[in-house]
Engineer: 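Encoded as C-alpha cells, here's the structure I'll be asking about.
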Amino acid sequence: MSGRVEIEYCTQCRWLPRAAWLAQELLTTFEAELTELVLKPGTGGVFVVRVGDEVVWDRREQGFPEPTAVKQAVRDRVAPGKSLGHSER
C-alpha cells in the first residue's frame with residue numbers, strides 16, 4: 001500500500017491550521033512509514049484524508065476526525081502491525 005497521505009482541506013473555511021496539525025500528528029506517528037504527505041487546498045467545505053487513492057476519512061460523511069481515528073485508518077493501510085500505544089486503548 002502507498003506511503004503517500006493527502007489531506008485536502010477547504011481554504012474558504014480556513015481549515016489549513018487543522019489540516020497542518022493533523023499532518024504533523026501523522027508525520028510524527030508514521031515517520032518511517034510515510035513517503036509523502038501532501039496538503040491539498042480545496043473549496044466547498046472539503047476535508048478529506050486519502051492514503052494513496054483511497055479515501056480513509058471524509059468530513060461530509062464522518063464529521064471532523066479525532067487524530068486517533070485517522071491514525072488508526074492510516075496505520076491499517078501503511079503499517080498494519082504497528083502499535084499506536086496509549087491512543088489505541
Engineer: Supply the atom-to-atom distance Leu26 CG to Glu33 CD, rounded to the nearest 0.5 angstrom.
Structural biologist: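 It comes to 11.0 Å.
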Engineer: Do Leu84 and Val74 belong together in a cluster built from hydrophobic side chains that touch within less than 4.5 Å?
Structural biologist: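 Yes, Leu84 and Val74 fall within the same hydrophobic cluster.
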Engineer: Same cluster or not: are Val56 and Val46 linked, directly or through other Ile, Leu, Val, Met, Phe, Trp or Tyr residues, by side-chain heavy atoms under 4.5 angstrom apart?
Structural biologist: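 In one cluster with Val56: Val46, no.
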Engineer: Above 12 or not: heavy atoms from other molecules or residues under 6.0 Å from CD of Glu36?
Structural biologist: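 Above 12, so yes.
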Engineer: Could you tell me the separation between the NZ atom of Lys82 and the CZ atom of Arg75, rounded to the nearest 0.5 Å?
Structural biologist: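 One gets 10.0 Å once the value is rounded to the nearest 0.5 Å.
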Engineer: Could you measure the distance from the CZ atom of Phe30 to the OG1 atom of Thr35? Nearest 0.5 Å is fine.
Structural biologist: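 Result: 13.0 Å between the selected atoms.
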Engineer: Which heavy atom of Ala19 sits nearest to which heavy atom of Leu39, and what is that distance?
Structural biologist: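 Taking every non-hydrogen atom into account, O-CD2, 3.8 Å.
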Engineer: Could you give the distance from CG (Leu37) to CD1 (Ile7), rounded to the nearest 0.5 Å?
Structural biologist: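 Interatomic distance, Leu37 CG to Ile7 CD1, rounded to 0.5 Å: 5.0 Å.
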Engineer: Please give me the minimum heavy-atom distance between Gly3 and Val78, naming the atom from each residue.
Structural biologist: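 Heavy atoms of Gly3 and Val78 come nearest at CA-CG1, 4.2 Å.
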Engineer: So, does Thr11 use its side chain to make a donor-acceptor pair with the main chain of Gly42 at under 3.5 Å?
Structural biologist: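 It does hold such a pair.
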Engineer: Can you tell me how far CZ of Phe47 sits from CG of Leu22, rounded to the nearest 0.5 angstrom?
Structural biologist: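 Here the interatomic distance stands at 5.5 Å.
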Engineer: Would you tabulate the side-chain donor-acceptor contacts of residues 60-67 under 3.5 Å, counting partners in other chains and residues two or more places apart, or write 'none'?
Structural biologist:
residue, atom, partner, partner atom, Å
Arg60, NH2, Gly44, O, 2.5
Gln62, OE1, Asp58, N, 2.8

Engineer: Under a 4.5 Å side-chain heavy-atom rule over Ile, Leu, Val, Met, Phe, Trp and Tyr, are Val49 and Leu16 clustered together?
Structural biologist: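 Same cluster.
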Engineer: According to the side chain to side chain donor-acceptor pair (under 3.5 Å) rule, which pairs have a member within residues 19-29, sequence neighbours left out?
Structural biologist: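 For residues 19-29: Glu25-Lys71, Thr29-Lys71.
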Engineer: What is the distance from atom CZ of Arg18 to atom SG of Cys13, rounded to the nearest 0.5 Å?
Structural biologist: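 Arg18 atom CZ to Cys13 atom SG measures 10.0 Å (nearest 0.5 Å).
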Engineer: Are Val51 and Leu27 joined in one hydrophobic group, where the rule is that I, L, V, M, F, W and Y side chains link up if heavy atoms are under 4.5 Å apart?
Structural biologist: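 Same cluster.
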Engineer: Which heavy-atom pair separates Gly45 from Trp15 by the least distance, and what is that distance?
Structural biologist: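 Scanning both residues completely, I find the closest heavy atoms to be O-CZ3, 3.2 Å.
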